[in-house]
**Q** 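Just dropping this structure here.
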Amino acid sequence: MFARVDHIGVAVEDLDAAIALYEQTLGMELVHRETVTEQGVEAVLLDVGENHVELLAPLGPDTPVGKYLAKKGPGIHHVAYQTTDIEQTLSALKAAGIRLIDETPRIGIRGSKVAFVHPGAVGSVLTEVVEPAH
Ligand code: CO
C-alpha cells in the first residue's frame with residue numbers, strides 16, 4: 001500500500017529558528033518553502049536522503065497547527081507515507097475500516113495529492129498519505 005515514508009511533519013513556533021537548526025546545524029538541504037493559506041500554514045521541506053522533514057508553522061493561533069501548538073507545544077505533528085495511487089490507497093484504507101479525515105485527496109505542497117487518516121484509527125498517530133506530483 002505504501003512505498004516508503006515521505007516525510008515527518010514537525011510543528012514549530014518559530015520557522016526561521018527551526019530552519020536554522022535543521023539546515024545549518026543538522027545539515028539538511030532546504031528544498032521547498034510554501035504558504036498554504038487555506039490550511040493556515042507555512043511549510044518547509046528539507047531533504048534527508050530521499051525522504052523529508054516538513055516544518056510547519058501556523059499562520060495564526062486559530063489554524064489547525066496553531067491549535068496543535070497551543071495544546072501540545074512544538075514537536076512531531078504527523079507521519080506521511082508515500083503512495084503511487086492515492087485514490088486506490090484511500091479506497092483500500094476505507095475498505096479496511098480505517099477512519100479518514102479526508103475521504104478525497106486535496107492538493108498539498110509542491111503539487112502533491114494528500115489526505116489525512118484519523119489519528120484515532122492509527123494508534124494516535126496523525127497519518128498522511130502522499131502521492132507526489134509526477
Ligand atoms: Co505533511
Side-chain angles (χ1 to χ4, degrees):
M1 197 179 294
F2 300 113
R4 60 178 170 86
V5 170
D6 185 89
H7 63 267
I8 308 293
V10 177
V12 305
E13 277 164 354
D14 183 337
L15 191 55
D16 290 329
I19 289 169
L21 171 66
Y22 279 84
E23 188 178 37
Q24 282 145 43
T25 308
L26 302 183
M28 298 177 191
E29 186 188 355
L30 195 160
V31 291
H32 187 73
R33 183 169 186 160
E34 184 172 334
T35 298
V36 188
T37 313
E38 54 280 16
Q39 283 166 50
V41 78
E42 187 171 7
V44 163
L45 281 180
L46 300 109
D47 271 356
V48 190
E50 56 179 17
N51 310 92
H52 305 97
V53 172
E54 179 183 68
L55 304 177
L56 300 163
L59 298 179
D62 206 24
T63 60
V65 175
K67 288 176 190 164
Y68 180 92
L69 284 172
K71 199 169 154 192
K72 299 198 171 170
I76 292 182
H77 181 261
H78 65 271
V79 176
Y81 299 105
Q82 195 177 105
T83 178
T84 52
D85 185 338
I86 194 167
E87 281 86 0
Q88 193 183 63
T89 299
L90 293 179
S91 300
L93 290 170
K94 249 178 116 170
I98 300 288
R99 189 173 155 205
L100 304 175
I101 293 174
D102 300 304
E103 302 258 325
T104 53
R106 48 198 170 85
I107 300 302
I109 60 172
R110 288 206 293 192
S112 57
K113 288 199 235 174
V114 304
F116 280 92
V117 179
H118 199 281
V122 204
S124 300
V125 178
L126 180 58
T127 300
E128 180 183 1
V129 181
V130 184
E131 179 185 326
H134 301 292

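Whatever order the structure lists them in is the order used to number ligands and atoms, beginning at 1. Here the structure is a predicted model, which is why all the values come from computation and not from measurement.
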**Q** Show me, pair by pair, the donor-acceptor contacts under 3.5 angstrom made by side chains of residues 112-124, not counting sequence neighbours?
**A**
| residue | atom | partner | partner atom | Å |
| --- | --- | --- | --- | --- |
| Ser112 | OG | Ile109 | O | 2.8 |
| Lys113 | NZ | Glu87 | OE2 | 3.2 |
| His118 | ND1 | Gly120 | N | 2.9 |
| His118 | NE2 | Arg99 | NH2 | 3.4 |

**Q** Run Asn51 and His7 through side chain to side chain contact (heavy atoms under 4.5 Å, CB included) and show every step you take.
**A** CA-CA 6 Å; Asn51 310 92; His7 63 267; over 6 Å; no

**Q** Which pair of heavy atoms, one from Gln39 and one from Thr63, lies closest together, and at what distance?
**A**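 In this case the closest contact between Gln39 and Thr63 is O-CB, 4.5 Å.
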
**Q** Scan residues 15-29 for pairs that pass side-chain hydrogen bond (donor to acceptor under 3.5 Å, both in side chains), counting only residues two or more places apart or in two chains.
**A**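 Not a single pair qualifies under side-chain hydrogen bond (donor to acceptor under 3.5 Å, both in side chains).
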
**Q** What number of protein N, O or S atoms occur at distances under 2.8 Å from the Co ion (ligand 1)?
**A**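 Excluding waters, the total comes to 4.
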
**Q** Does a donor on one side chain sit under 3.5 Å from an acceptor on the other, for Glu54 and His77?
**A**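 The answer is no; no qualifying pair exists.
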
**Q** With sequence neighbours left out, what residues match Lys67 under salt bridge (Lys or Arg N to Asp or Glu O under 4.0 Å)?
**A**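 Checked Lys67 against salt bridge (Lys or Arg N to Asp or Glu O under 4.0 Å); matches are Asp62.
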
